[in-house]
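Encoded as structure tokens, the structure appears first; notes follow it.
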Amino acid sequence: MKVLVTGAAGQLGFDVVGYCESAGDEVVGFDRSALDITNRDAVFAAVSSFRPDAVINAAAYTAVDACETNKALAYAVNATAVGYLAEASGEIGAHLVHVSTDYVFDGTLDRPYREDDATNPTSVYGQSKLAGEQAAGSGAAIARTSWVCGVHGNNMVKLVLRLVKGQSDLAFVDDQRGCPTFTADLAPALRRLATDRRAGVHHLTNQGAVSWYEFVGEILAASGHDPARVRPIATADLDPPRPAPRPANSVLDNAVWRDAGLPIMRDHREPLVELVDQLTR
Ligand SMILES: NC(=O)c1ccc[n+]([C@@H]2O[C@H](COP(=O)([O-])OP(=O)(O)OC[C@H]3O[C@@H](n4cnc5c(N)ncnc54)[C@H](OP(=O)(O)O)[C@@H]3O)[C@@H](O)[C@H]2O)c1
């Protein structure tokens, strides 16, 4: 398969490029400096010259709090540019796989979110990502994921490994729950969406829901530290409060994937141990 990956320097994009290469694909990965997806002409030129079988869009404006004040940029990258990718892919018959987020939900449901549950994003980031899903069109595969962690880029595992070296007080919220998802496991699932040319929304996460507080305890334990070093707090106690609201319930039921008979991603504690090992070796 010929695969074009956008956002190739991001934590997910980097691993998607690596995984597709290891699977024998002919891959071109563009970081932002090589392909700014908000540049319509550049998107069409890149897609029409490489002529991929699949385009995997891992590019996004992911600074959730900054999106609140940079609404135009959030929509340009997370929504309008996705339309360019969809149009350019459509012209040459490439299958678009677009990555989206748990933030399209308001997090008030008392069970894991299914793909057909009503969306209601409460942040600019979530609103722009939902607009991106719509811009991708009905023929594209949408992969909604959550709490992404990988070797490259910023994530909770790296933050905790950094903080634990100092004396700082570790306090994390215990009233937001989700499924940490590891790029090493998500990349193969995204490639599968591409090879099978699946269309529509798919929730794709590792299994095992935890609060951020519980996840930090797991990271501490996996890295040989005392999990009791972290204490739980409530979102309302964050000082200062964060500009963008976060969903209290971010847990995504991978229903469409499971019902299609595809292999559910493993419990997040397994790839967590592998990532901690990689980062601390
Ligand atoms: N991180 C999470 O916890 C999380 C949770 C749910 C869903 N997601 C989704 O997962 C996907 C991958 O996220 P990630 O964690 O890998 O984020 P990331 O590390 O921030 O990677 C995103 C990449 O997109 C690039 N980018 C930004 N604007 C661009 C533009 N105009 N043109 C081309 N590239 C551009 C960024 O480059 P620069 O760094 O140079 O700006 C960055 O390398 C995104 O769709 C995100 O919404 C992430």
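In each ligand, atom 1 is the first atom listed, and ligand 1 is the first ligand listed. Positions are given from 1 along the sequence. Since the model is a prediction, treat every value here as computed from it, not as a measurement.
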Hey, any chance [X] and [Y] share a hydrophobic cluster, counting ILVMFWY side chains that come within less than 4.5 Å of each other, even indirectly?
{"X": "Val64", "Y": "Leu130", "value": "no"}
{"X": "Val5", "Y": "Phe44", "value": "no"}
{"X": "Leu12", "Y": "Val28", "value": "no"}
{"X": "Ile56", "Y": "Val17", "value": "yes"}

Any [X] heavy atom less than 4.0 Å to ligand 1:
{"X": "Ser100", "answer": "yes"}
{"X": "Phe14", "answer": "no"}
{"X": "Asp36", "answer": "yes"}
{"X": "Gly153", "answer": "no"}

For the residue pair [X] and [Y], confirm or rule out a side-chain donor-acceptor distance under 3.5 Å.
{"X": "Asn39", "Y": "Tyr84", "value": "no"}
{"X": "Asn254", "Y": "Thr205", "value": "yes"}
{"X": "Asp102", "Y": "Ser146", "value": "no"}
{"X": "Asn154", "Y": "Gln11", "value": "no"}

For [atom], the protein heavy atom that lies nearest, with its residue and separation:
{"atom": "atom 42 (C) of ligand 1", "value": "Gly10 CA, 4.0 Å"}
{"atom": "atom 34 (N) of ligand 1", "value": "Ala59 CB, 3.4 Å"}
{"atom": "atom 46 (C) of ligand 1", "value": "Tyr125 OH, 3.5 Å"}
{"atom": "atom 25 (C) of ligand 1", "value": "Ala60 O, 4.0 Å"}
{"atom": "atom 48 (C) of ligand 1", "value": "Val148 CG2, 3.7 Å"}

Going by distance only, is there an N or O of [X] that falls short of 3.5 Å from an N or O of ligand 1?
{"X": "Tyr61", "answer": "no"}
{"X": "Asn57", "answer": "no"}
{"X": "Arg32", "answer": "yes"}
{"X": "Gln11", "answer": "yes"}
{"X": "Thr62", "answer": "yes"}
{"X": "Gly7", "answer": "no"}

Q) Can you name the one residue among Leu85, Val16, Leu190, Val99 that meets side-chain contact (heavy atoms from CB on, under 4.5 Å) with Asn57? A)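 Going through Leu85, Val16, Leu190, Val99 one by one, the side-chain contact (heavy atoms from CB on, under 4.5 Å) with Asn57 is satisfied by Leu85 alone.
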Region of [X] engaging ligand 1 - heavy atom pairs below 4.0 Å:
{"X": "Ala8", "answer": "neither"}
{"X": "Asn154", "answer": "neither"}
{"X": "Trp147", "answer": "backbone"}
{"X": "Arg144", "answer": "neither"}
{"X": "Val77", "answer": "side chain"}

Q) Are Tyr103 and Tyr125 near enough that their ring centres are under 6.0 Å apart? A)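 Ring centres of Tyr125 and Tyr103 closer than 6.0 Å.
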Q.
Please check: side-chain N/O of Arg191 versus main-chain N/O of Cys20, any donor-acceptor pairing under 3.5 Å?
A. no
**Q.** atom 10 (O) of ligand 1 protein-contacted (non-hydrogen atom, under 4.0 angstrom)
**A.** yes
